[in-house]
Every structure is written in structure tokens, then in C-alpha cells.
Amino acid sequence: MSRPAPAIDPDRLLADLHTLRGFGTYKTGVHRPTYTQEDMEARRWLASRLREAGLEPAIDGIGNVVGTGAGEGPRFLLGSHLETQLYAGWLDGALGVIYALEVARSRAESGLAGVDVGAWADEEGHYLNFGGSRSFIGDLGEAEIAAARNKVDGTPLPEALTAAGLERRERLLCPAGRYRGYLEAHIEQGDELQAKGLRLGIVTGIVGIWQYRIRFDGVQNHAGTTRMAARHDAGLALARLVLAIDRRFREVAGPRSVWTVGQIALEPGAPNIVPGAASMLFQFRDVDAEVLARLHATLAELVAEADQGPCRAHLDLLEQAAPQRMDPAFRAAFEQAAERHAPGCHQHMPSGAGHDAQIFARVMPAGMLFVPSIGGISHHWAEDTAEDDIVLGARVFAAAVDSLLAA
Ligand code: HGY
Ligand code: MN
Ligand code: MN
């Protein structure tokens with residue numbers, strides 16, 4: 001390549017990450033769920049920073065923040081998400097958004113264009129997993145928005161959009177043919193890089209995530225006078241299923257399969273009442289579509305077996321995000337940039353976390369770059385990454401974007 005890649009400004013990058021950390025601060029992390037006041041303040045702040053970077057910002061009807069560059073020519077879409085999980089980390093999502101912003105403005109300072117920037121709403125799925133990126137690629141209908149509820153407090157999504165001032169706003173669509181691809185930087189959220197003394201992860205593929213609500217209907221009754229043999233205890237039935245899943249999944253899972261019960265609710269939830277109803281949110285993940293299908297079939301069998309017991313069992317499939325391979329040319333560009341900036345400090349690896357890149361990979365080539373998470377901690381307020389790793393990641397990300405645009 002005839003010229004050096006535009007240099008990012010590490011101090012400006014870190015300053016913006018710390019400013020973003022200030023929207024919803026919680027201990028050393030951030031509590032900034034989608035469409036909360038803090039989240040919308042962060043979105044408006046980002047829009048102002050995109051404008052200063054020379055991009056035309058817009059916040060659309062689902063809360064996506066999109067910064068569009070002027071002119072034609074080859075172009076990449078860079079981004080990640082702004083909202084956080086509950087009482088979680090300051091870098092999950094934020095790192096990729098600020099990297100994208102810094103690439104755009106460092107290129108503009110060198111008289112170069114070629115990147116648009118996006119912060120995709122609700123990647124964390126407080127209402128709809130990957131709602132913003134799915135909307136941007138045209139995969140989210142009004143009926144799904146109308147039916148979506150907050151997974152913690154049940155608030156209808158339309159109500160949250162209205163409270164956020166987004167109602168009746170048009171939802172932006174990805175312009176056909178505008179982008180050569182989508183690139184996202186993210187924290188690893190696991191401990192593999194740190195354990196191996198590495199500083200960069202080049203993502204090979206992203207797991208598919210299949211999510212379910214499982215509900216048991218039993219009979220509410222007195223906890224003291226209802227004989228054990230006469231009970232239809234929905235809570236006990238659910239607990240038995242959780243253990244049966246764990247036992248059977250270990251027989252059919254793949255080497256990297258994971259499964260999680262993230263929420264359990266008993267109704268009415270008093271210690272002296274046999275629960276009449278019980279529900280849980282359950283998900284499993286794998287990079288292999290055949291393994292996902294096998295786990296789904298096993299789950300359906302187990303729920304059908306449970307339904308033969310004293311309570312009625314219901315399995316509702318909520319979401320099925322497909323696993324996605326990352327583009328080999330983008331991986332090669334990340335590898336070349338990584339070798340140039342930090343020889344021997346990277347590895348190629350799958351992502352155990354879901355990302356908006358797996359949604360964009362449905363419609364264009366996509367690539368991801370990881371930086372290490374200290375102790376592998378994420379979705380927790382103690383999540384953190386060493387500053388020099390944050391800066392190195394930004395340099396490598398910017399260099400890879402530049403080489404792909406120059407190709
Ligand atoms: O859960 C995930 O994998 C992502 O961090 N939302
Ligand atoms: Mn994330
Ligand atoms: Mn996350």
C-alpha cells in the first residue's frame with residue numbers, strides 16, 4: 001500500500017469510551033438497558049459525535065444510530081451496540097461503536113472516506129435480540145415489534161419506543177449494494193486470549209443462539225395441607241426439567257455447546273403456596289447448525305416427557321439466530337494488520353457470544369476482531385480490558401479497514 005493508514009488518536013478514543021461509560025454508570029460498569037433515559041442520552045451523544053466526524057447522523061424508529069458518509073466509492077459499514085446488559089460492563093458494544101467512530105474521523109482528518117457507522121438497537125435483547133440490526137437489513141416486521149415485551153418487566157416495545165420519543169419515526173434500511181461488508185470490533189467476553197497471552201482474536205464464526213420460554217401449569221394450593229401425592233407443583237416440575245436438560249444435553253451436545261437458564265419465575269411466589277405456574281427463559285448456543293437442531297429435538301422430547309407428569313408443559317421458541325461464518329478475506333486483512341502491529345499476538349477463534357455481525361452476515365460479508373477481556377469477565381460490572389489492548393485493537397481495526405478499502 002503506497003501510504004500509511006490514517007493514524008487513530010488513542011487519547012480521543014479513550015476519552016470517548018469514558019464519556020460513554022458515564023451514561024448509566026453502575027459501580028465500575030454500566031446499567032444502560034435499551035430505550036432507558038440513559039440509553040437515549042448515549043444515542044443522542046453518539047449522533048453529535050458522528051456529525052463532528054463529518055457523517056450525517058440519524059436516530060431511526062427502532063433506535064438505530066446511523067452515521068452516513070457523503071459521496072460514493074467503496075464503503076464499509078462499521079459498528080456494534082450501545083445498550084448494555086443489566087448492571088453490566090462498560091465495553092460490551094461500546095468498544096466497537098467508538099472504534100467505528102474513531103476510524104471514521106481519523107480517515108476524515110486524512111481526507112479519506114469509505115466508512116459508515118452504526119449503533120444497532122437492542123443487540124442485548126431486552127425486547128428483541130438483535131432488533132436494530134435485523135430492522136436495518138429488513139428482517140423485522142411491525143407485528144413482531146407490536147408483540148415484543150421487555151424480558152424483565154413486561155413493558156410492550158411500542159410503549160418503550162413512544163417513551164423514548166421514537167414512535168412514528170421511519171426505520172432506516174440498509175441501502176442495497178452500498179457496502180462491501182460489515183466489520184465489528186468487540187471484547188472477547190471470554191478468557192481464552194488472556195489465558196494464552198494473546199492480544200487479538202480474529203473471529204472465524206459466531207454461535208447460533210436459540211431462545212425459549214418454557215412454562216408449567218399446575219395447581220396452586222396450600223403448602224401445609226396439600227399432601228405430596230396430591231400436588232401439581234409447577235415449580236418442582238420445572239426444577240426436574242432443568243436437571244433433565246442438563247443430564248441429556250451432556251450426551252448430545254457439541255464440544256463448544258453451552259446452555260443457560262437465565263430466568264425462573266414461580267407464581268404466585270409465596271413460601272406457603274404450592275406454585276400453580278412456573279416459567280423459565282432458556283437458551284442454548286453452538287457454532288454448528290446440526291448440533292443446534294439436535295439440542296432442539298432433545299429439548300422438545302424432554303418437554304413432551306414432562307407434560308406426561310402432574311403439570312402441563314409448554315415450549316415456546318422465542319428466537320433462533322443462525323450461526324454465521326466470517327469472511328475469509330476480512331480475516332486475512334485482520335491477520336495482516338495484527339502481524340504488522342503486534343507480531344505473534346493473535347489467534348483465529350469462534351465467538352461464543354452473539355453479535356450484530358451475525359445478522360449482517362446474512363446480507364453481506366462480515367468480519368469481527370476481538371480484544372481480551374480481563375479474567376474473561378463480561379455481562380458483569382467488573383468487565384474490563386487493559387488500555388494498551390484497547391488502543392492496539394483500534395489500531396489493528398483501523399489498519400484492516402484501510403487495507404480492505406484500498407484493495
Ligand atoms: O449474549 C450475547 O451473546 C451478547 O453479548 N448479547
Ligand atoms: Mn455485545
Ligand atoms: Mn452482551
Side-chain angles (χ1 to χ4, degrees), residues 17 20-21 24 26 29-34 36 39 42 46 63-65 78-100 118-134 150-152 182-192 201 203 205-212 256-263 281-287 292 318-324 326 349-361 366-373 376-385 390 393 397:
L17 276 170
L20 188 48
R21 190 178 198 171
Y26 175 80
V30 178
H31 179 65
R32 192 170 62 228
T34 321
T36 55
D39 179 51
L46 175 66
N64 287 334
V65 185
L78 315 180
S80 193
H81 59 92
L82 279 179
E83 81 284 340
T84 71
Q85 261 302 337
L86 304 174
Y87 308 103
W90 70 294
L91 291 170
D92 177 358
L95 179 112
V97 170
I98 301 302
Y99 274 19
W120 316 111
D122 210 20
E123 184 276 346
E124 292 290 2
H126 293 283
Y127 295 86
L128 279 170
N129 265 29
F130 309 117
S133 47
R134 284 183 53 210
N150 184 289
K151 291 196 177 92
V152 174
Y182 174 76
L183 295 168
E184 180 169 359
H186 205 282
I187 51 170
E188 178 201 349
Q189 300 182 287
D191 63 359
E192 199 170 321
V203 177
I206 303 175
V207 289
I209 307 175
W210 292 19
Q211 309 242 43
Y212 302 81
R256 280 185 175 255
S257 300
V258 290
W259 52 93
T260 309
V261 176
Q263 186 189 88
L281 290 179
F282 176 67
Q283 63 162 250
F284 53 77
R285 305 182 182 205
D286 202 281
V287 282
L292 289 168
L318 299 178
E319 274 133 51
Q320 266 182 321
Q324 292 288 352
M326 294 294 99
M349 60 190 291
S351 170
H355 298 287
D356 289 308
Q358 73 194 97
I359 303 303
F360 284 103
M368 284 199 79
L369 180 71
F370 280 165
V371 296
S373 293
I377 297 169
S378 185
H379 283 190
H380 185 286
W381 48 266
E383 171 192 284
D384 204 358
T385 296
I390 292 174
F397 189 70

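Counting starts at 1 for both ligands and their atoms, following the listed order.
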Looking just at side-chain N and O atoms, do [X] and [Y] make a donor-acceptor pair shorter than 3.5 Å?
| X | Y | answer |
| --- | --- | --- |
| Asp92 | His379 | yes |
| Glu184 | Ser80 | yes |
| Glu383 | Ser378 | yes |
| Asp39 | Thr34 | no |

Atoms in ligand 1 with a heavy atom of [X] nearer than 4.0 Å:
| X | answer |
| --- | --- |
| Gly354 | 2 (C), 3 (O), 4 (C) |
| Ala353 | 3 (O) |
| Glu123 | 4 (C), 6 (N) |

Review point. Looking at Glu124, which of its N, O or S atoms is the nearest one to the Mn ion (ligand 3)?
Key: OE2
Review point. Are any side-chain N or O atoms of Tyr87 and backbone N or O atoms of Gly29, one a donor and one an acceptor, separated by less than 3.5 Å?
Key: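 Not at all, since once roles are kept as given, no pair shorter than 3.5 Å links the two residues.
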Review point. Do any N or O atoms from the side chain of Glu83 and from the backbone of Glu123 form a donor-acceptor pair under 3.5 angstrom?
Key: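 Looks like yes, one N/O pair under 3.5 Å.
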Point to revise | Asp92, N/O/S atom nearest the Mn ion (ligand 2) | key: OD1
Practice item. Starting from the Mn ion (ligand 2), look over the N/O/S atoms of His186 and name the nearest one. Key: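 Looking at His186, the N, O or S atom with the least distance to the Mn ion (ligand 2) is NE2.
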Exercise for review: Name the orientation class of the two ring planes belonging to Tyr99 and Phe397 (parallel below 30°, tilted from 30 to 60°, perpendicular beyond 60°).
Suggested key: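 Answer is tilted, since the angle falls between 30° and 60°.
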Exercise for review: Examine ligand 1 and decide if any of its atoms is less than 4.0 Å from a heavy atom belonging to Gln189.
Suggested key: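 True for this residue.
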Point to revise | Distance from atom 1 (O) of ligand 1 to nearest protein heavy atom, with residue and atom | key: Arg285 NH2, 2.8 Å
Study note, to complete from the structure: protein heavy-atom neighbour closest to atom 5 (O) of ligand 1 works out as His379 NE2, 3.0 Å
Review point. Mind checking whether the Mn ion (ligand 3) has an N, O or S of His81 under 2.8 Å?
Key: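 Within the cut-off used here (under 2.8 Å), His81 places no N, O or S atom near the Mn ion (ligand 3).
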